[in-house]
Amino acid sequence: MHRIISLEILLLVIALVFSGCYDAREINDVAYVLLVGVDMGVSDRFRVTFKFPSLKSGGGQDDSSGQAGDGLTYDTLTIDTPSFFAASELANINLARSINFMHTQFIVISEDIARNGLIGEFLAQIVRNSSIRYSTRLLISKGSAAELVEMLEPIEGSDLTKTCENLARQSEETGMFVDLALYDLHDCMKSTYHQPIAVLAAVNRGENFVEEGSVWGNKYQIPGDYYAGDQPRKGGGKVELMGLAIFNGTRMVGKLTGHESRILAMVKGNFRKGTLVIPDPKQPGDIIAFEVRPARKPQVKIWFDGDKPFIDLKLHLEGDILGIQSGIHYEDPGMLPVLENALERFIKTELNKILEKTQELNCDIFYFGHTAVKHFATIQEWEAYDWNSHYKDAEIKTEVRFYIRRTGTMIHTSETKFSREEQ
Amino acid sequence: MIKEGKFESRQAIALLVITCLAKEFFTESNIIANKVGTAGWYMVLISAVVAAVGFAFVYALLKRFPGKSIVEIYDVVFGRYIGFVFSFLLAAVLLISAAINLREYIEVIKIYVFPKTQPSFLIISFILVVVILGFLGFENIARYSKLAAYLLLTEFIALFLLSSYLFEFYRLYPLLGYGLKNTLLQGFLRSSIFGEITLVAVFVKSLNETKEAKRIGYTSLIIAAVLLAIMQFGFILIFTYPFGQEIVAPLYTAASLIHYGAFFHRIEAMFLFVWNISILIEIPVLFYMVMLIYSHLFGINDRRPIIIPLAIILITMSLIPGNILELMTFYIRYIREYSWIVYYVFPAAALLVSVLSKKREDKYA
């Protein structure tokens with residue numbers, strides 16, 4: 001009898017529990033914010049913009065016009081508030097849905113905020129809340145973060161989450177920025193080993209793309225030597241990620257172009273591959289293209305003379321020839337060193353320029369501090385020395401080695417034959 | 001009456017290792033980073049060496065009185081009254097440990113996982129499990145521990161390997177942290193991390209013979225020390241010391257950082273299993289030990305009537321800290337820095353007295 005009563009009670013409890021929580025929230029009761037933009041406010045301290053799926057089209061099944069991607073539509077909401085979480089609370093009132101940050105892809109902070117050193121103030125609020133993941137990516141927007149958030153839309157039918165993921169992944173393919181999360185920035189801001197960097201992003205309105213005019217000719221321009229938003233192009237996604245913002249603590253003090261970011265990646269050892277184009281050493285009007293990748297890890301040696309640091313940096317790269325515009329037969333074993341030396345000189349010159357730039361800013365974004373710290377036994381000694389303050393005094397010697405491994409599908413460049421009149 | 005069965009040494013090892021490690025999954029890594037900076041991974045090994053010395057006293061004492069638990073030995077060595085005080089203090093420390101570990105778990109789970117749930121609901125749900133396990137008996141907890149140990153170890157290894165792409169070895173430097181002297185001192189003080197190993201002396205009668213206690217104690221200590229050192233090593237490789245000192249639950253945060261492309265991330269749910277299962281072993285074990293000692297002290301044969309009152313005391317004690325800062329800076333700090341006195345010094349004192357007074361019940365008696 002007892003067993004039957006116990007079983008009945010158990011079944012009743014199960015029925016009660018399995019029917020769902022009394023305070024359960026359906027998925028459409030929540031607004032999953034995908035993008036957050038933060039600008040300096042006008043009516044209050046900060047202007048916070050949220051972008052989230054609108055669910056207007058019935059869960060993404062509607063195919064009517066005006067929708068982005070796979071039929072999903074996205075809404076944006078911009079609020080001027082004194083703090084980030086005040087904004088999210090106010091957003092709840094306006095949306096009749098609860099804002100949730102569990103699926104946030106990008107937090108976009110305007111350059112104004114970064115330059116004014118307010119990023120630390122803002123991050124302090126964000127990282128304290130467990131609903132925002134440390135793996136959320138953080139971007140510094142060249143112009144208005146609100147505009148960037150509005151303009152960032154799915155490309156080629158994918159949803160916004162996938163677009164953001166794919167955009168970030170391009171860092172591996174090009175090296176023109178680094179895939180950095182909130183964790184990286186927060187860790188670096190507190191770090192005694194180096195200074196932080198963050199990814200630059202901007203809306204590209206195509207203003208630098210000149211439709212008509214005199215032809216470019218034989219002038220040489222380093223590919224990717226632009227900041228985000230400046231690339232001369234037409235079409236494609238409206239938002240581009242290129243280059244890096246340099247911070248001293250919480251204050252943005254400078255930036256690197258996409259090309260400079262790639263050189264930085266080479267030194268830090270997280271460069272995977274990229275295309276480098278240099279002037280032809282024998283015929284400077286033409287160019288030669290290489291696919292470059294690391295041959296082995298960069299070698300960094302650091303020693304001290306008194307308080308002055310000395311840095312010896314060696315880069316070992318290898319690559320393949322992608323194109324020889326001049327038609328000169330560089331595939332000849334005797335000619336390969338000419339190309340190798342030309343690329344070595346090019347990278348060394350560029351590297352020295354960036355080192356000088358970062359030393360002027362006194363920001364060790366090359367992470368030399370990771371090696372320097374090995375000379376210190378205790379945290380007290382390390383903090384008393386204060387590497388971040390001494391980086392500007394470092395004497396840095398660089399050396400670049402480049403080896404051509406393959407020449408693409410061609411092993412010989414034959415001479416182009418012209419008729420007598422053409423010659 | 002709750003039936004007290006015997007269990008095998010592997011079950012005891014699993015139980016002790018989980019009991020030692022469970023508290024480390026919460027704020028302990030943060031506290032260690034605050035105390036010794038980058039030296040946390042080898043500080044725990046120093047603590048393990050101190051704990052090994054402490055356990056040597058415990059085992060030497062058990063060997064002199066085969067078949068007797070430590071609380072019975074205290075009675076024999078010190079007499080009924082002083083023995084009562086020693087045993088009562090041990091029970092008090094275990095009860096306070098259980099209460100603060102419970103509160104720590106609730107605080108962290110509320111911050112990271114159930115921010116909208118009432119703490120009282122979480123505590124009562126948890127205590128219900130503790131009470132049920134109390135009624136089921138210690139043998140069941142031990143058997144469940146062995147079963148859970150395989151799952152926990154698999155998840156531990158998986159999380160370590162998955163997060164290894166975040167490792168940066170420069171974060172180990174400066175190697176001496178806040179100084180070798182400080183690391184040695186903290187290593188000594190925090191030897192209480194492994195104090196639960198000495199619980200084998202409380203439940204020694206559940207083992208087949210007293211000699212097993214030595215193997216169980218040292219094996220548990222070695223496994224716990226290695227796992228804890230690996231955990232601290234991984235932690236310091238992921239977070240630079242200033243950052244690591246900021247986070248409430250660094251290991252959970254590390255698990256939440258694991259991100260392999262668009263489809264493989266948010267696997268901290270795996271870590272939740274490690275948290276929940278381990279704490280659901282640790283607190284019932286400590287609770288049961290308190291129950292064993294208490295029933296011995298007051299000559300209670302049927303332990304069932306004291307389960308619920310003790311559970312209420314446990315809930316009440318867990319609610320004493322006013323906030324998480326008070327919990328961490330006062331309760332956790334003092335209990336984890338000074339409970340070695342109860343775990344190692346009391347048995348050492350009993351051993352000394354038994355040697356001086358020539359009290360022994362072994363074959364040399």
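Quick note on labels: first sequence line is chain A, next is B, and so on, each numbered from 1.
Legend: residues meeting side chain to side chain donor-acceptor pair (under 3.5 Å) with B:N101, ordered by chain and number and at least two apart, are B:E282, B:R336. For A:D312, the side chain to side chain donor-acceptor pair (under 3.5 Å) criterion is met by no residue, not counting sequence neighbours. Residues that satisfy the salt bridge (charged side-chain N to carboxylate O under 4.0 Å, His left out) test with A:K268, not counting sequence neighbours, are absent from this structure.
A:T378 contributes no side-chain N or O that, together with a main-chain N or O of B:Y178, makes up a donor-acceptor pair within less than 3.5 Å. A donor-acceptor pair is defined here as one N or O able to donate and one able to accept, closer than 3.5 Å; no such pair exists between the side chain of A:R133 and the backbone of B:L257.
The two residues A:Y193 and B:P174 come nearest to each other via the heavy atoms OH-CD, 4.2 Å. Taking each heavy atom of A:H103 and B:R266 in turn, the nearest pair found is CA-NH2, 3.5 Å.
In this structure, B:Y165 places its OH atom where more than 12 heavy-atom neighbours from other residues, nucleotides or ligands lie under 6.0 Å away. The number of heavy-atom neighbours closer than 6.0 Å to CZ of A:F304, taken from other residues, nucleotides and ligands shown, is above 12. Counted within 6.0 Å of CZ on A:F310, heavy atoms from surrounding residues, nucleotides or ligands total more than 12; the atom is thus considered enclosed. Counted within 6.0 Å of CD on B:E326, heavy atoms from surrounding residues, nucleotides or ligands total more than 12; the atom is thus considered enclosed.
Contact of A:M189 with chain B is not made at all, since no heavy-atom distance falls under 4.5 Å. Of the two parts of B:E168, neither the backbone nor the side chain holds a non-hydrogen atom closer than 4.5 Å to a non-hydrogen atom of chain A. For B:L166, the parts sitting under 4.5 Å from any heavy atom of chain A are the backbone and the side chain alike. Only the side chain of A:R169 comes within contact range of chain B, judged by heavy atoms closer than 4.5 Å. Of the two parts of A:E381, neither the backbone nor the side chain holds a non-hydrogen atom closer than 4.5 Å to a non-hydrogen atom of chain B. Using a 4.5 Å cut-off between heavy atoms, A:H194 contacts chain B through its side chain alone, with no backbone atom that close.
Options A:K190, A:K374, A:H370 differ in how many heavy-atom pairs under 4.5 Å they form with chain B, and the most are formed by A:H370. With chain A as partner, the option from B:F169, B:Y170, B:Y112 having the largest number of non-hydrogen pairs under 4.5 angstrom is B:Y170. The most heavy-atom pairs under 4.5 Å with chain B, out of A:E383, A:R128, A:H375, come from A:E383.
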Steps toward side-chain contact (heavy atoms from CB on, under 4.5 Å) verdict (B:R171, A:D187): CA-CA 11 Å; B:R171 292 181 178 129; A:D187 191 24; 3.2 Å; yes
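Counting heavy atoms from C-beta outward, B:N182 and A:Q380 have side chains that stay 4.5 Å or more apart.
In the model, A:E165 has no side-chain atom that pairs as donor or acceptor with a side-chain atom of B:H265 under 3.5 Å.
At a heavy-atom separation below 4.5 angstrom, chain A is approached by B:I238, B:F239, B:T240, B:Y241, B:P242, B:F243, B:E246, B:T253 within residues 228-253 of chain B.
Atom-to-atom distance recorded for B:K116:NZ and A:S98:OG is 5.5 Å, nearest 0.5 angstrom.
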